[in-house]
Asker: 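Dropping a structure here in structure tokens format, bear with me for questions.
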Amino acid sequence: MKLLHIDSSVLGPHSVSRQVSAAIVDRLRQATPSLDIVYRDLTQTPLAHLSGSHLAAAQGAPAPAELGPDLAASVAVLNEFLAADIVVIGAPMYNFTIPSQLKAWIDRILVAGKTFQYGANGPQGLAGGKRVIVAISRGGFYGAETPYAAGEHLETYLRWVFGFIGITDPEFISADGIQIGPDHREKALAGALQAATSLQAA
Ligand SMILES: Cc1cc2nc3c(=O)[nH]c(=O)nc-3n(C[C@H](O)[C@H](O)[C@H](O)COP(=O)(O)O)c2cc1C
């Protein structure tokens, strides 16, 4: 069974989402030691923003030589995702949504004919059957009862994206209120790490 582990926080060892995504992977690895784990750090090896040349190359047009390594990364990223049975993602909230590094990754995995297709009844997801677990960290609170609910474009966005490609039941572990103060940060992190240890085994 293959597990793909993705991190996208720019805060290195200070990152909350990295600690929680690592705890999720540890929990699953302990339960299933035979897991085949691939790790991709989107800040250490960032993907370029999509360009017209990327899209033209996907249609078979000759690509500029300097795009070669990034096009190869595109293929690797998509194949990693397609091969994974489980995908664990560290996703911090930056400016109300995902980091741009994670968006660049999503731009490489939402590929017509690979993870979705348009048919007579509209779009159809092709990537169903994977288990996706997302470790979310947010500076504030965005619950439905809060005045900030309408600004939540992290979890809502990821639910939509994965639903679009057929993964309708992504799991989320959240550490919220990280910027409220040190006590709150500690409590939120401890709660998320605890939730990771209680996850259903792979
Ligand atoms: C560039 C940047 C933008 C941020 N934007 C938001 C935001 O819009 N809303 C929020 O609640 N917290 C925001 N935060 C706080 C982070 O969500 C919070 O610190 C979280 O722990 C980040 O996850 P990480 O520690 O894994 O990087 C921001 C932090 C940074 C560094």
Side-chain angles (χ1 to χ4, degrees), residues 3-30 35 37-50 73 77 80-81 84 86-110 130-164 167 170-199 202:
L3 184 151
L4 173 62
H5 179 190
I6 302 280
D7 271 324
S8 61
S9 166
V10 299
L11 296 180
H14 306 290
S15 157
V16 170
S17 63
R18 282 175 184 267
Q19 292 178 67
V20 179
S21 74
I24 292 169
V25 173
D26 280 351
R27 153 71 186 147
L28 298 179
R29 187 195 285 119
Q30 276 166 24
L35 271 183
I37 300 174
V38 171
Y39 180 61
R40 184 170 282 272
D41 185 331
L42 296 174
T43 66
Q44 292 294 316
T45 49
L47 297 159
H49 288 163
L50 275 189
V77 158
E80 273 168 16
F81 178 73
I86 307 172
V87 182
V88 176
I89 302 173
M93 176 180 273
Y94 294 158
N95 298 318
F96 307 107
T97 188
I98 57 171
S100 54
Q101 289 87 348
L102 184 55
K103 177 60 166 57
W105 179 82
I106 288 171
D107 287 342
R108 307 304 175 99
I109 66 157
L110 263 64
K130 295 182 195 303
R131 183 179 183 192
V132 171
I133 311 172
V134 189
I136 278 183
S137 51
R138 292 175 281 219
F141 293 101
Y142 294 84
E145 73 290 353
T146 70
Y148 300 102
E152 210 296 322
H153 304 289
L154 170 65
E155 181 174 340
T156 48
Y157 173 71
L158 291 173
R159 277 188 192 283
W160 179 264
V161 162
F162 286 114
F164 184 76
I167 300 163
E171 299 162 56
F172 288 86
I173 293 183
S174 307
D176 288 327
I178 295 300
Q179 297 293 344
I180 304 289
D183 289 354
H184 212 101
R185 175 190 170 99
E186 209 171 296
K187 198 171 147 207
L189 177 56
L193 294 175
Q194 178 58 42
T197 66
S198 313
L199 273 174

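Just so you know, ligand 1 is whichever comes first in the structure, and atom 1 is the first atom listed for that ligand.
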Asker: Would you please say whether a donor-acceptor pair under 3.5 Å links the side chains of S100 and Y94?
Answerer: no
Asker: Going by atom types alone, do D41 and T43 pair a side-chain donor with an acceptor below 3.5 Å?
Answerer: yes
Asker: Can you confirm whether the side chains of R40 and S8 place a donor and an acceptor under 3.5 Å from each other?
Answerer: no
Asker: As an exercise, state the distance from CG of L42 to CG of L102, rounded to the nearest 0.5 Å.
Answerer: 6.5 Å
Asker: Give every pair made of an N or O atom of ligand 1 and a protein N or O atom lying under 3.5 Å apart, one pair per line with both atom names and the distance to 0.1 Å, or write 'none'.
Answerer:
unit_1: ligand 1; atom_1: 5 (N); unit_2: N95; atom_2: N; d: 2.8
unit_1: ligand 1; atom_1: 8 (O); unit_2: N95; atom_2: N; d: 3.2
unit_1: ligand 1; atom_1: 8 (O); unit_2: F96; atom_2: N; d: 2.8
unit_1: ligand 1; atom_1: 9 (N); unit_2: Y142; atom_2: OH; d: 2.8
unit_1: ligand 1; atom_1: 11 (O); unit_2: G139; atom_2: N; d: 3.1
unit_1: ligand 1; atom_1: 11 (O); unit_2: G140; atom_2: N; d: 2.9
unit_1: ligand 1; atom_1: 11 (O); unit_2: Y142; atom_2: OH; d: 2.7
unit_1: ligand 1; atom_1: 12 (N); unit_2: G139; atom_2: N; d: 3.1
unit_1: ligand 1; atom_1: 14 (N); unit_2: M93; atom_2: O; d: 3.4
unit_1: ligand 1; atom_1: 17 (O); unit_2: M93; atom_2: O; d: 2.7
unit_1: ligand 1; atom_1: 17 (O); unit_2: G139; atom_2: N; d: 3.2
unit_1: ligand 1; atom_1: 19 (O); unit_2: Q179; atom_2: NE2; d: 2.7
unit_1: ligand 1; atom_1: 23 (O); unit_2: S137; atom_2: OG; d: 2.6
unit_1: ligand 1; atom_1: 25 (O); unit_2: V16; atom_2: N; d: 2.9
unit_1: ligand 1; atom_1: 26 (O); unit_2: S9; atom_2: OG; d: 3.4
unit_1: ligand 1; atom_1: 26 (O); unit_2: S15; atom_2: OG; d: 2.7
unit_1: ligand 1; atom_1: 26 (O); unit_2: V16; atom_2: N; d: 3.3
unit_1: ligand 1; atom_1: 26 (O); unit_2: S17; atom_2: N; d: 2.9
unit_1: ligand 1; atom_1: 26 (O); unit_2: S17; atom_2: OG; d: 2.6
unit_1: ligand 1; atom_1: 26 (O); unit_2: S137; atom_2: OG; d: 3.3
unit_1: ligand 1; atom_1: 27 (O); unit_2: S9; atom_2: OG; d: 2.6
unit_1: ligand 1; atom_1: 27 (O); unit_2: Y94; atom_2: OH; d: 2.9

Asker: Look at the rings of F162 and W105 and say which category their plane angle falls in: under 30° parallel, 30 to 60° tilted, over 60° perpendicular.
Answerer: tilted
Asker: Ignoring hydrogens and geometry, is there a side-chain-to-backbone donor-acceptor pair from K130 to F81 under 3.5 Å?
Answerer: yes
